Every structure is written in structure tokens, then in C-alpha cells.
Amino acid sequence: QVQLVESGGGSVQAGGSLRLSCVASGYPDSRYIMGWFRQAPGKEREGVASVDSDGSTMYAAAVKGRFTASRDNAKNTLYLHMNTLKPEDTAMYYCAAERSSRVRVGLVLDALEYNNWGQGTQVTVSS
């Protein structure tokens with residue numbers, strides 16, 4: 001299966017920027033969609049952004065215009081560039097991957113669609 005390792009989390013002041021990375025290993029020849037999810041204490045895990053193998057992206061309304069997701073398929077690496085960070089962005093950020101054919105259209109930001117998860121990286125935004 002796919003192993004995912006996130007990095008790049010940390011503490012930043014509101015208005016700052018941060019870049020998260022997720023390195024995937026064990027990829028098969030089939031196409032995978034990759035996504036970023038976040039979970040704050042007492043909250044459900046929510047989708048942040050996704051990038052399919054063709055580069056197609058989807059963003060949650062809360063981060064649209066501030067976050068940019070991309071992937072380097074040659075390196076099997078997913079990125080999330082986070083700009084204009086807000087305290088409400090504070091959460092554990094997880095990357096996830098799933099075969100594109102197994103993710104239903106319109107549900108690419110639904111955590112239940114994904115079966116491969118990283119351990120997470122903490123992002124803390126202070127005011």
C-alpha cells in the first residue's frame with residue numbers, strides 16, 4: 001500500500017505562510033488522487049484541498065484563494081502552500097491518497113473516501 005509522510009508544520013503568526021509537504025511511497029502504477037485534510041480538537045476531519053493525477057484541484061471554501069495545492073508526480077510528493085493564515089486554520093493536517101477510480105465524483109474532499117493516511121503535521125496559527 002501507500003505510505004505517506006507529512007512535514008512542514010509549525011507555528012506561525014496570523015497572516016503568515018507555511019508550506020506542507022507529503023511524500024508518498026509504495027505507489028502502484030494506477031492513478032491516485034491525493035488530498036489534504038485537517039482536524040482541530042473537538043471537530044470532525046474536514047477536507048482542505050485535493051489534487052488528482054492530472055493536476056485537477058478542489059478547495060474547501062474556507063481556504064479558497066489562500067491555499068494552493070500541487071503535486072510533483074515524479075517525486076510522488078504533494079504540497080500545500082498556505083498563505084494569509086488565520087487562527088482558525090490551526091489544526092492537525094493530514095495528507096491522504098486513494099485510487100482515483102475509487103473516489104466518487106463530488107466527494108474528493110470527503111475523508112471517508114480515502115484509505116491511505118499520513119500521521120499528520122501540526123499547524124498552529126497565533127494572533
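Please read these numbers as outputs of a predicted model, since none were measured by experiment. In this chain, residues are counted from 1 in sequence order. Hydrogens, waters and symmetry mates are skipped; everything else that's a heavy atom, side chains included, is used.
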For the pair [X] (side chain) and [Y] (backbone), establish whether a donor and an acceptor sit closer than 3.5 Å, ignoring hydrogens and angles.
X    : Y    : answer
Q39  : M92  : no
N115 : E98  : no
E113 : V103 : no
W36  : Y79  : yes
T57  : V51  : no
Y114 : V108 : yes
Y59  : A69  : yes

[X], [Y]: one ILVMFWY side-chain cluster at the under-4.5 Å cut-off?
X   : Y   : answer
L80 : F37 : no
Y32 : L78 : yes
V12 : F67 : yes
M58 : V48 : no

Nearest 0.5 Å please: distance from the [atom1] atom of [X] over to the [atom2] atom of [Y].
X    : Y    : atom1 : atom2 : value
Q13  : S127 : CD    : OG    : 8.5 Å
N76  : Q3   : CG    : CD    : 11.5 Å
R71  : S21  : CZ    : OG    : 14.0 Å
S17  : R66  : OG    : CZ    : 10.5 Å
T121 : L18  : OG1   : CG    : 8.0 Å
C95  : L4   : SG    : CG    : 4.5 Å

Partner of Y93 under side chain to side chain donor-acceptor pair (under 3.5 Å), picked from E6, R38, Q122, is R38
Worksheet item: Does a side-chain N-to-carboxylate-O contact under 4.0 Å join D54 and R31?
Response: no
**Study point:** L20/Y94 under side chain to side chain contact (heavy atoms under 4.5 Å, CB included): CA gap, chis, key distance, verdict
**Key:** CA-CA 10 Å; L20 307 183; Y94 301 89; over 6 Å; no
Closest non-hydrogen contact found for V2 with A24 is CG1-CB, 4.1 Å
**Asked** Counting only heavy atoms not in E44, do more than 12 fall under 6.0 Å of its CD?
**Response** no
